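As the structure is a computational prediction, the values presented were derived from the model and not from experiment.
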Amino acid sequence: MNYLKRLLIGGFAMSLAVVKLQAQASDTLIVLTEINITENRLSNFNAGSTVYQPSKDLLGEKSTLGLNEVLEFLSPMNIDAYGTGSASINARGAGSNRTPILWNGFNLQSIANGATDISTLPMIFADDIKMEMGGNSALFGSGAVGGVIYLDNKANYNTDKNSFITISGGSFERFNGASGIQFGTKNYSGAIRTFFSQADNDFPFTGEYTSGGTTTTVDQNLPNANMHQFGVMSNNHFRLKNGQNISVHLWYQDVDKQIAPTVRDLARGNTSDAEQRDKAFRGAAEWKAPLKNGLVSVRTGLFSTKTHYEKPSTSSHTNTTGLASVNEAEMDLNLTNWLKWNLGVNYTYEETESSSYEGANNRNRYAVFTSFGISNASSGTFVSINGRGEKAGDSDFTVTENIGVTQQIISGLSAKAKAGTSYRIPTFNDLYWFSATSIGNPDLQAETGFNYEAGLHYQKTFASTKLQLQATWYNNSLEKWISWGQREDGIWTVFNQDKAEIKGIEVQADLTTDFKKGSAGININYTNQDAIDPDTDNELAYVPKSKANAAVYAEYSNIRLMYAHSFVNERYTTASNSTQMPKYDLGNLSLEKQFEGKIDAILSVKVNNIWDTNYETRQYYPMPGRNFMIGLQISLN
């Protein structure tokens, strides 16, 4: 890992040096528009899709937000939180390992377990966020089954140097800090951001555990829940001659957290002394060059992870390392004024080594993909056709495809529909995990699926008021669903379940209006779905029947007030549907005051879980009650 540390330090030093040199340099290059390949795929080849993008007004001062909070209150996605230690996303009932997060086009899912801990992803590290619902393996490969989240870092050429620092503190000894500096000339844009967070998380809670007909109530402060996070990111964009662009992104993350006991652990009197440390390095570079009628792009990414888990009371420990090298080249062509074509290849190398595996494991992944986008402005028709062929390790060559259409009906109102196939390969943990209580299955096959959806989208601007409405009905049928379960001898293992069926409806509304000295708005999301195992007619575990959230804000004379509310229905905790978790309501309230002058400042006060709800999103993992945060951000321009 030393070479990665040297590379990281050298990259950040180079970033600082380039900022200084560019500030001194005279530049005569022609200013060209920055083009993002990932956005081209999302906009040019994704007809019929349901896409959400929280407005900047709703996000507010995002340096105090985590990705988990944005998704909880501003999206139809469900959040599974294991207490305050980690959280994952669940789009359309498919689970976290079927909802990839793409950072500048690169998948952040762990190659060991297929998940992404969204509690470790601060929004300060993202300039833009979009959420696409539904399967899209034809565009983005394995794992894009329930939805895709896009986090991008944008170039800001021709901007003055500006910087900020944010500090905040609150309940349970929580402290957050963030800082950043950004600078842009005609041919260079650079940004460096840092983030730090720590908390004792020793909040009081009440929970119950039932075993053998006896219910034990646990009422105490949560022990062994301390957490520290640190992250630093550097984003660099260069304009070269002839319209070429190069971007370099570096991201280092260090998370050290104690593993808090569950209610079941405490009821049984078990010791709580487990701890886990995760280190991650993410590096990505991209070169883009214009063609006569399009663009060519070559990208490469290196992703390294290291996890150390230990529990002294049981003398148990696990060390897991992962390395992924992702390389991709693609070409975007405008064949006519109504036809776009995308063609590309991808090679990915993955390897992991763990004390819970029998040796190191690796695999090579190859993919070719192509897309056609057909649009007719006069008729309001947009059609996309996508196809991708991929081979991972010794598995068969898998082809996925989809077709989508968006058709304008009247001004502002469009109908949309999409259908296609998806797939997901097993993770390394699924295949090779080996311990006293659980084992993987090297004979697992890849999941395959077929999904379709249809809906309406309405968007209209009335003077200073903007309205957006959309409703989508969807169905996702999955074969060879990869699922963990207990054998008759009590050992946990993983197998290919015959089938899973997920269908439902999503409704979204967004209204904003501007007025003298201020603005106001409301965002509403509602999801109702059935996620079942057709063999048993049981509902899939941890998939709520319905979820609804709403966020309303008002801003006047540099004072901003926002309230966000989320409702989650009951959900079963086991495949047998033998136990169920209760529904809950959750509300957050925030107040911000902006001060303008030579130095800009924002003072914020936030109350989380304002109704002091006693709730869990995963069984036996308590969540904090009402808590407070006070923050101050200072900006220099």
Side-chain angles (χ1 to χ4, degrees), residues 8-40 43 53 55-57 59-63 103-106 122-130 150-166 178-195 231-252 282-290 295 297-299 301 594 596-602 633-637:
L8 179 67
I9 294 171
F12 288 131
M14 180 184 70
S15 301
L16 290 170
V18 171
V19 169
K20 185 172 182 63
L21 288 173
Q22 291 292 338
Q24 299 172 350
S26 173
D27 206 318
T28 58
L29 292 180
I30 299 174
V31 177
L32 299 175
T33 302
E34 173 71 6
I35 302 173
N36 186 290
I37 278 286
T38 304
E39 281 201 347
N40 279 353
S43 59
Q53 183 175 18
S55 68
K56 293 182 179 180
D57 291 325
L59 289 174
E61 184 43 59
K62 67 180 183 180
S63 65
W103 171 60
N104 296 310
F106 292 92
M123 282 303 300
I124 189 178
F125 282 179
D127 297 317
D128 192 23
I129 176 173
K130 292 186 181 71
Y150 306 85
L151 302 177
D152 290 313
N153 297 115
K154 303 294 186 182
N156 287 283
Y157 296 110
N158 297 301
T159 57
D160 294 331
K161 183 165 61 176
N162 59 79
S163 60
F164 73 91
I165 183 170
T166 298
S179 63
I181 183 171
Q182 183 170 293
F183 180 82
T185 65
K186 286 184 179 180
N187 67 344
Y188 174 75
S189 171
I192 298 177
R193 300 164 189 169
T194 65
F195 175 79
V232 58
M233 176 182 287
S234 171
N235 297 302
N236 304 274
H237 301 264
F238 305 87
R239 280 193 174 122
L240 308 179
K241 294 181 179 180
N242 303 320
Q244 300 178 60
N245 288 264
I246 290 178
S247 61
V248 179
H249 308 280
L250 301 171
W251 182 355
Y252 176 74
R282 301 160 180 144
E286 181 176 37
W287 168 79
K288 292 178 282 191
L295 182 77
S297 174
V298 178
R299 300 185 300 149
Q594 184 174 355
E596 297 179 338
K598 293 183 178 180
I599 298 178
D600 294 338
I602 299 176
Q633 174 169 308
I634 298 175
S635 301
L636 302 174
N637 299 308

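- In this structure, the side chain of Asn245 engages the main chain of Gly243 through a donor-acceptor pair within 3.5 Å.
- In this structure, CG in Asn158 is found 7.0 Å from OG1 in Thr185, a value given to the nearest 0.5 Å.
- Note: Ser163 OG to Ile192 CD1 = 11.5 Å, rounded to the nearest 0.5 Å.
- Two residues are said to be in side-chain contact when any heavy atoms from C-beta on lie closer than 4.5 Å; Tyr150 and Trp103 fail this criterion.
- The two residues Leu250 and Gly283 come nearest to each other via the heavy atoms CD2-CA, 4.2 Å.
- The salt bridge (charged side-chain N to carboxylate O under 4.0 Å, His left out) check on Arg282 picks up nothing, with sequence neighbours excluded.
- Contact check for Tyr157 versus Lys186: no side-chain heavy atoms found under the 4.5 Å cut-off.
- By the 4.5 Å heavy-atom criterion applied to side chains, Ser297 and Glu286 are counted as neighbours.
- When all heavy atoms are compared, the tightest approach of Arg193 to Ala126 is NH1-N, 4.2 Å.
- The two residues Phe106 and Ala284 make their nearest non-hydrogen contact at CE1-CB, 3.5 Å.
- Between atom CD1 of residue Ile129 and atom CG of residue Asp152 there is a gap of 10.0 Å, rounded to the nearest 0.5 Å.
- Interatomic distance, Asp160 CG to Phe183 CZ, rounded to the nearest 0.5 Å: 8.0 Å.
- Between Tyr188 and Phe238, the ring-plane angle classifies as tilted under the 30° and 60° cut-offs.
- To the nearest 0.5 Å, atoms CZ (Phe195) and CD1 (Ile124) are separated by 8.0 Å.
- Side-chain contact between Asp128 and Gln53: present, with at least one pair of heavy atoms (C-beta onward) separated by less than 4.5 Å.
- No donor-acceptor pair closer than 3.5 Å links the side chain of Asn235 to the backbone N or O of Lys154.
- Asn156 approaches Ser189 most closely through the heavy-atom pair N-OG, 2.8 Å.
- For Ser635, the side chain to side chain contact (heavy atoms under 4.5 Å, CB included) partners at least two apart in sequence or on another chain are Phe164, Asp600, Gln633.
- Counting heavy atoms from C-beta on, the side chains of Lys161 and Ile181 come closer than 4.5 Å.
- Here the OG atom belonging to Ser247 is positioned 5.5 Å from the NZ atom belonging to Lys288, to the nearest 0.5 angstrom.
- Taking 4.5 Å as the limit, some side-chain heavy atom of Ile246 sits within range of a side-chain heavy atom of Val248.
- Using a 4.5 Å heavy-atom cutoff, the side chains of His249 and Asn153 are in contact.
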Starting from the C-alpha separation in whole Å, work towards a yes-or-no answer on side-chain contact (heavy atoms from CB on, under 4.5 Å) for Leu636 and Asn162.
CA-CA 6 Å; Leu636 302 174; Asn162 59 79; over 6 Å; no
